[in-house]
Asker: 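First the structure, which I've put down as structure tokens, then a few questions once you've had a look.
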Number of protein chains: 2
Amino acid sequence: MTSSDEIVQYPKTGRFLAGRLRHDMSEGEKAELESLVGEIQTFGDGHRLIARGDVCNCSTMLVEGFMLRTLESEDRRYGVSFHVPGDFVDLHCFALKRLDHNIDCVGPTTIAQVPHSAIAEIMKNRPHLARLFWFSTMLDAAMHREWIMKLEQLTAPKRIAHIFAEIWRRLEMVELGFADGFETPLRQADLADMCGATSIHTNRALADLRNKGIADFQRGEVRIPDRERLERYGGFTPDHLYGDGALSFRLDD
Amino acid sequence: MTSSDEIVQYPKTGRFLAGRLRHDMSEGEKAELESLVGEIQTFGDGHRLIARGDVCNCSTMLVEGFMLRTLESEDRRYGVSFHVPGDFVDLHCFALKRLDHNIDCVGPTTIAQVPHSAIAEIMKNRPHLARLFWFSTMLDAAMHREWIMKLEQLTAPKRIAHIFAEIWRRLEMVELGFADGFETPLRQADLADMCGATSIHTNRALADLRNKGIADFQRGEVRIPDRERLERYGGFTPDHLYGDGALSFRLDD
DNA sequence: CGAAAATTTGACGACTCTCAAGTCGAGTGG
DNA sequence: CCACTCGACTTGAGAGTCGTCAAATTTTCG
């Protein structure tokens with residue numbers, strides 16, 4: 001079953017763990033997950049779905065669009081991670097109760113939410129599904145770690161190359177990438193927040209990537225002539241995404 | 001019951017979640033956790049307990065000492081987080097199967113391990129304890145996020161101030177801090193790995209902190225004259241540790 | 001004591017920030 | 001249709017932070 005079929009059958013949750021452990025979910029589990037989520041909600045660019053410190057009684061499945069996890073300090077916003085459709089964005093707060101960070105929409109966004117009481121039931125009665133939920137939050141943690149290393153290692157142009165490479169791969173996992181790049185609602189200022197640079201420096205870094213022929217970012221249209229070159233420049237390896245790579249979840253060894 | 005009493009009664013796991021949700025654990029749960037862990041093992045400085053990509057069949061409780069989570073890239077080691085006694089260091093790999101990062105000992109280290117089969121039983125039969133385990137891994141993720149923001153925001157001296165502030169607080173939570181600072185097996189090169197700077201620059205940053213009277217690091221002895229000043233300089237707030245602060249897990253609101 | 005490891009210092013160039021200004025594109029009112 | 005406007009993007013100059021290369025000093029330990 002391809003991801004497109006999954007979306008037809010499970011319109012709100014069909015992308016959850018696609019390319020990762022979705023193949024490990026039974027149809028019963030997929031159906032149960034789909035039945036847990038509430039009705040579709042939509043938000044516009046810049047909407048802050050959850051603010052740091054809010055008590056959460058439900059968690060959010062991102063159905064369409066793009067979201068940023070952010071933290072604020074001294075009047076500046078810092079991106080700590082991003083989300084694409086199929087991500088169970090704030091499952092964390094089931095365990096944490098209060099979120100330590102904000103969840104911001106970038107561009108038009110469609111979500112569906114799951115009450116925590118339903119997740120608590122899953123914890124009691126569906127240990128396998130519960131373990132997949134846990135896995136999903138651990139994926140976020142692994143991505144955080146990779147990003148920490150890259151922040152410690154890379155200059156701004158390479159950070160951006162890494163971000164582009166990761167967005168592209170993750171969009172592809174949920175069948176939303178193109179052969180030669182991807183589209184994103186991110187603006188230069190958002191990219192700046194994500195890589196911890198000023199928007200001025202980010203602009204120069206993007207010009208760098210364009211001049212080098214590595215990536216051409218023009219108002220959300222990202223064209224990448226040579227994927228291998230982009231990934232090499234940004235020091236990107238997809239292992240931490242736990243798809244079909246060196247770290248993939250295989251039970252046979 | 002103070003943390004010291006807990007250590008007498010539960011010598012291997014008595015510091016788990018101390019200062020956080022330990023108060024939410026029943027004596028039965030504490031006893032069960034203590035019974036799950038195997039015998040004490042010790043390792044010396046620099047020992048790599050788990051290497052990226054290893055298949056893990058057990059997880060590690062850090063009993064005494066200090067550990068770093070690290071990633072390697074282009075022949076350099078990067079610290080992504082650190083661990084103090086009481087941390088369930090690699091509970092992540094119960095969900096991930098293969099760890100994306102290394103677990104390195106710093107200085108002499110004492111651990112005890114729990115087989116994953118035992119954790120799977122907990123998932124089936126003890127949903128509350130399972131949720132605490134999940135919480136513990138989410139704490140790590142929250143600390144990752146805070147560190148991402150600080151890497152994006154701070155210069156090297158301030159990063160080090162932040163690291164010192166966090167180590168001190170976390171040691172205090174498990175009653176291992178002193179009134180005027182703390183001891184750590186970390187060397188300057190380890191600190192450099194942790195903040196993504198060269199050891200030369202780290203050395204200058206430490207000299208800065210010493211000259212400013214903010215923190216005096218001398219071969220693992222860290223003396224801090226004024227905690228408030230250290231925390232202000234490093235932009236440190238303890239909220240993301242989920243102790244008794246703005247984000248603490250309270251069921252009453 | 002002697003060797004290895006850890007720490008410290010100096011000089012110079014690259015990366016990034018700040019302040020300041022200028023350009024481009026989409027939508028609006030005349 | 002065109003001038004206007006606002007937000008997004010682009011460019012320039014000077015200063016601070018940090019990396020690299022090279023070397024010296026101090027500490028640890030056999």
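Proteins get letters first, then strands, A, B, ... in listed order; numbering begins at 1 in each.
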Asker: Contacts to DNA chain C from residues 144-158 of chain B, heavy-atom cutoff under 4.0 Å, which residues?
Answerer: none
Asker: Give the rounded distance in Å between these two atoms: CG of D193(A) and P of dC9(D).
Answerer: 12 Å
Asker: Salt-bridge test for D45(B) and R187(B): reply yes if a basic N is under 4.0 Å from a carboxylate O, no otherwise.
Answerer: yes
Asker: Toward the 5' end of DNA chain D, which comes first, F217(A) or R204(A), by nearest nucleotide?
Answerer: F217(A)
Asker: Looking at R159(B) and E152(A), is any side-chain nitrogen of the basic one under 4.0 Å from a carboxylate oxygen of the acidic one?
Answerer: no
Asker: Under the criterion side-chain contact (heavy atoms from CB on, under 4.5 Å), which of R69(B), M143(B), M194(B) is the partner of V80(B)?
Answerer: R69(B)
Asker: Does a nitrogen or oxygen in the side chain of R210(A) sit under 4.0 Å from OP1 or OP2 of dT10(D)?
Answerer: yes
Asker: Any N/O pairs under 3.5 Å between the protein and nucleotides 25-30 of chain D? List them or say none.
Answerer:
none

Asker: How long is the gap from CD1 on I50(A) to CG on D90(A), to the nearest 0.5 Å?
Answerer: 3.5 Å
Asker: Looking at F82(B), is R170(B) sitting on its ring face, NZ or CZ under 6.0 Å from the six-membered ring centre and within 45 degrees of the normal?
Answerer: yes
Asker: Return the value, rounded to whole Å, for the distance between atom CG of L191(A) and atom C1' of dC9(D).
Answerer: 13 Å
Asker: Please state how far atom CZ in R76(B) lies from atom C1' in dG19(D), giving the value in whole angstrom units.
Answerer: 10 Å
Asker: Taking any heavy-atom pair under 4.0 Å as a contact, classify A197(A): base, sugar-phosphate, or nothing.
Answerer: sugar-phosphate
Asker: Give the ring-plane orientation class for H240(A) versus H162(A), where under 30° counts as parallel, over 60° as perpendicular and anything between as tilted.
Answerer: parallel
Asker: Test the R76(A)-Y78(A) pair against the cation-pi criterion, namely NZ or CZ under 6.0 angstrom from the six-membered ring centroid and within 45° of the ring axis.
Answerer: yes
Asker: Grab the CD1-C1' distance between I200(B) and dT20(D) for me, whole Å please.
Answerer: 7 Å
Asker: Give one of base, sugar-phosphate or nothing for G220(A), where a contact means two heavy atoms less than 4.0 Å apart.
Answerer: nothing
Asker: When you check the phosphate oxygens OP1 and OP2 of dT10(D), does a side-chain N or O of Q188(A) lie under 4.0 Å from one of them?
Answerer: yes
Asker: Judged by atom type as modelled, is there a donor-acceptor pair below 3.5 Å linking the side chain of R20(A) to the main-chain atoms of G243(A)?
Answerer: no
Asker: Looking at residues at least two apart in the chain, or sitting in another chain, which of them share a ring pair (Phe, Tyr, Trp, His ring centres under 6.0 Å) with H144(A)?
Answerer: none
Asker: Which residues pass the side chain to side chain contact (heavy atoms under 4.5 Å, CB included) test with T155(A), not counting sequence neighbours?
Answerer: P157(A), K158(A)
Asker: Taking 5' to 3' order, which nucleotide of DNA chain C is first and which is last to have an atom within less than 4.0 Å of a heavy atom in chain B?
Answerer: dA6(C) to dA11(C)
Asker: Among dT11(D), dA8(D), dC21(D), which nucleotide sits nearest the side chain of R187(A)?
Answerer: dA8(D)
Asker: Filter on ring-ring contact (aromatic ring centres under 6.0 Å, His included), then keep only pairs touching residues 183-232 of chain A, sequence neighbours left out; what's left?
Answerer: F164(A)-F217(A)
